[in-house]
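The block underneath contains the structure these notes are about, expressed in structure tokens.
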Protein chains: 2
Amino acid sequence: MKKITSQQQRVLDCIQVYIKKTGFPPTRADICRELGFKSPNSAETHLRALEKKDFITIESGASRGISIKNKAVTNNGNEYPVIGLVAAGSPTLAEENIERTINCPKSFFDSNFDYFLKVKGLSMKDAGIMEDDLIAVKKTSEVKNGDIVIARLEDEVTVKFFNRKSSKIVELEPANEDFQNIVINLEQDELHIEGKSVGLLRKN
Amino acid sequence: MKKITSQQQRVLDCIQVYIKKTGFPPTRADICRELGFKSPNSAETHLRALEKKDFITIESGASRGISIKNKAVTNNGNEYPVIGLVAAGSPTLAEENIERTINCPKSFFDSNFDYFLKVKGLSMKDAGIMEDDLIAVKKTSEVKNGDIVIARLEDEVTVKFFNRKSSKIVELEPANEDFQNIVINLEQDELHIEGKSVGLLRKN
DNA sequence: TATTATACTGTATATATATTCAGTATTTTA
DNA sequence: TAAAATACTGAATATATATACAGTATAATA
């Protein structure tokens, strides 16, 4: 970390005080007023320097888009992403897959979890998992028989009961008589366990 | 303090989450994007309502000039009681009925709710409601056909679909072919609607 | 029953704001 | 010693943003 100059420190302090006082960051003009500058560009160049030295971030194009980087922050970790269950592809946490986030306490379910998966289809309806339900998913490949798992075969992602028949055979079992068991021979096919369900959330 | 509506709570939560994420408050357009509104005036009117009710302050003319008042912040999370569905008696919030409490944001479901009801039996299994699921219950007697209601007949409490057949006849319909519809003649029997389901929570 | 509050869409606009460009001058770094 | 960083003034501008205005519709309140 490069060292901060005294003027830059004044600007940084000014931002902090301003946020504490008003609840939102200052504009370039605000900084000028507070510190006696006569051109908004004075504030601008100081902000760019502080950004370069990693004391703040500046959201391009946004008004008052200044955020102070506080090393001792911040993540209570209670914003959980909601990911749509798409037929193809792994349910990754890439931004384009995140429909929205849900605020919820860390210990909301009995086990920690990583994201919510939005269910498509009714293959698990007899287990009480309906369309558009949100499954709380813990990312893990350690699952046992009877667990509800998020499994991936090639590019197809599915939610099913896990049942290991032998060292070579795994069955993925739906909870709906209209659906068939999926039998996987691990010597022939690749099975990826993305995680398992630790809870469920439904909004009527 | 005037009471906040569920939509206003959503907006308030949205502001809090936005600030936590970015370090600065949202614009009207940001709020619209987060909550799915299509007109900036939707955000504007909610903000004015929140200001009037003293949950926030708005700096006139300033961009992102929203500041959350302290009392609004503490209002965010809440402890909601979990009540066991006992066959007999109204599910009251008396202490002896509260199994435990769950901390969750006020606007967790789309509608405000009052408590969690722990489900017994499988009479609603085809609606994805299983034994020991927690139904988020909003206390109200205003229900419409198709709502999942918490109904009480004499001392018996049950969760069913609500279906008003006529001014005198109400049917309570299970979602399980092993169970029969409950037909109530309001002239003969007393039906109490304790509330309706606004969501569901399951812990594996 | 009339009125207010809530909950929106949609359009429009004055202005608040970020940001670039053109300078000047001093200090620090390579 | 040349280049880069610091530290400003001053003007210009595209756009981000608050905010008013015109509607529609429903629920709550007096």
Side-chain angles (χ1 to χ4, degrees), chain A residues 1-15 18-19 22-67, chain B residues 1-15 18-19 22-67 107 110-112 138-144 147 196 198:
Chain A
M1 165 101 60
K2 283 178 188 170
K3 63 175 186 287
I4 197 170
T5 69
S6 63
Q7 280 301 85
Q8 287 164 7
Q9 184 70 58
R10 280 185 72 208
V11 174
L12 188 58
D13 288 350
C14 168
I15 297 166
Y18 192 100
I19 291 173
T22 67
F24 43 88
T27 65
R28 276 62 166 168
D30 291 331
I31 295 171
C32 290
R33 200 176 313 113
E34 296 285 329
L35 299 180
F37 302 149
K38 290 181 180 168
S39 166
N41 195 38
S42 301
E44 178 72 19
T45 50
H46 279 129
L47 290 174
R48 293 299 160 193
L50 285 168
E51 189 189 33
K52 203 171 180 181
K53 291 178 177 178
D54 219 30
F55 287 101
I56 63 172
T57 60
I58 302 173
E59 173 82 18
S60 175
S63 64
R64 302 177 189 271
I66 305 166
S67 172
Chain B
M1 154 126 52
K2 284 179 191 166
K3 65 173 187 287
I4 196 169
T5 68
S6 65
Q7 279 303 84
Q8 287 163 6
Q9 184 72 56
R10 281 184 73 208
V11 174
L12 188 58
D13 287 352
C14 167
I15 296 166
Y18 193 99
I19 291 173
T22 68
F24 45 87
T27 65
R28 276 63 167 168
D30 291 331
I31 294 170
C32 289
R33 200 175 314 113
E34 296 285 329
L35 299 180
F37 302 150
K38 291 183 180 167
S39 167
N41 196 38
S42 300
E44 178 72 17
T45 49
H46 279 129
L47 290 174
R48 294 299 161 191
L50 286 168
E51 188 188 34
K52 203 170 181 182
K53 291 178 178 177
D54 220 31
F55 288 101
I56 62 172
T57 59
I58 301 173
E59 174 81 19
S60 174
S63 65
R64 304 176 187 269
I66 304 166
S67 172
S107 60
D110 293 337
S111 186
N112 285 339
K138 178 183 188 144
K139 280 201 280 189
T140 178
S141 55
E142 289 165 28
V143 297
K144 57 183 191 302
D147 281 351
K196 68 174 181 180
V198 298

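Below, read A as the first sequence line, B as the second, and so on, with proteins coming before strands; counting in each chain starts at 1.
- For the OP1/OP2 pair of D/dT6 and a distance below 4.0 Å, the side-chain nitrogens and oxygens of A/Lys53 include at least one atom meeting the criterion.
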Taking it one step at a time, do A/Lys53 and A/Thr5 satisfy side chain to side chain contact (heavy atoms under 4.5 Å, CB included)?
-> CA-CA 11 Å; A/Lys53 291 178 177 178; A/Thr5 69; 4.1 Å; yes
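- Here B/Gln8 does not reach the OP1 or OP2 of C/dA5: none of its side-chain N or O atoms lies under 4.0 Å away.
- Between the CG atom of B/Leu47 and the P atom of D/dA18 there is a distance of 9 Å, rounded to whole Å.
- The nucleotide whose nearest atom lies closest to any side-chain atom of B/Ser63 is, among D/dA18, C/dA18, D/dA5, D/dA18.
- Atom CD1 of B/Ile58 is separated from atom P of D/dT17 by 16 Å (rounded to the nearest Å).
- Phosphate contact (OP1/OP2 of C/dA7, side-chain N/O of B/Thr5, threshold under 4.0 Å): present.
- Looking only at distances, no side-chain donor or acceptor of B/Asp13 sits under 3.5 Å from a matching main-chain atom of B/Arg10.
- Interatomic distance, A/Ile58 CD1 to A/Glu44 CD, rounded to the nearest 0.5 Å: 6.5 Å.
- Distance from the side chain of A/Ser42 is smallest to D/dT9 among C/dT6, D/dT6, D/dT9.
- Taking the nucleotide of DNA chain D with the nearest heavy atom to each of B/Pro26 and A/Ser39, the more 5' of the two is matched to A/Ser39.
- Of the inter-residue distances, the one linking B/Arg48 atom CZ with B/Leu50 atom CG reads 11.0 Å to the nearest 0.5 angstrom.
- Whole-Å rounding puts the A/Arg48 CZ to D/dA4 C1' distance at 19 Å.
- For the OP1/OP2 pair of C/dA7 and a distance below 4.0 Å, the side-chain nitrogens and oxygens of B/His46 include at least one atom meeting the criterion.
- When each of A/Ala49 and A/Asn41 is assigned the nucleotide of DNA chain D with its nearest heavy atom, A/Ala49 is the one assigned upstream, toward the 5' end.
- Taking CZ of B/Phe24 as the reference point, atom CZ of B/Arg64 lies at 5.0 Å (rounded to 0.5 Å).
- The side chain of A/Ser60 lies closest to C/dT19 when the candidates are D/dA7, D/dT17, C/dT19.
- The phosphate of D/dA18 has OP1 or OP2 within less than 4.0 Å of a side-chain N or O from B/Arg28.
- Put simply, CZ on B/Arg64 is 13 Å from C1' on D/dT15, counting in whole angstrom units.
- Along DNA chain C, the nucleotide nearest to A/Ala29 and the one nearest to B/Phe37 differ in position, and the one closer to the 5' end is contacted by B/Phe37.
- Nucleic acid contact class of B/Gln7 (heavy atoms, under 4.0 Å, all strands): sugar-phosphate only.
- Taken to the nearest 0.5 Å, the OG atom of A/Ser39 stands 12.0 Å off from the CZ atom of A/Arg28.
- The CD1-C1' distance, from B/Ile56 to D/dA18, rounds to 13 Å in whole Å.
- Across the protein-nucleic acid pair, A/Arg33 atom CZ and C/dA16 atom C1' stand 11 Å apart, rounded to whole Å.
- Rounded to a whole Å, the CZ atom of A/Phe24 is 13 Å from the C1' atom of D/dA18.
- Along DNA chain C, the nucleotide nearest to B/Ala62 and the one nearest to B/Pro40 differ in position, and the one closer to the 5' end is contacted by B/Pro40.
- Rounded to whole Å, atom P of D/dT17 lies 12 Å from atom CD1 of B/Ile31.
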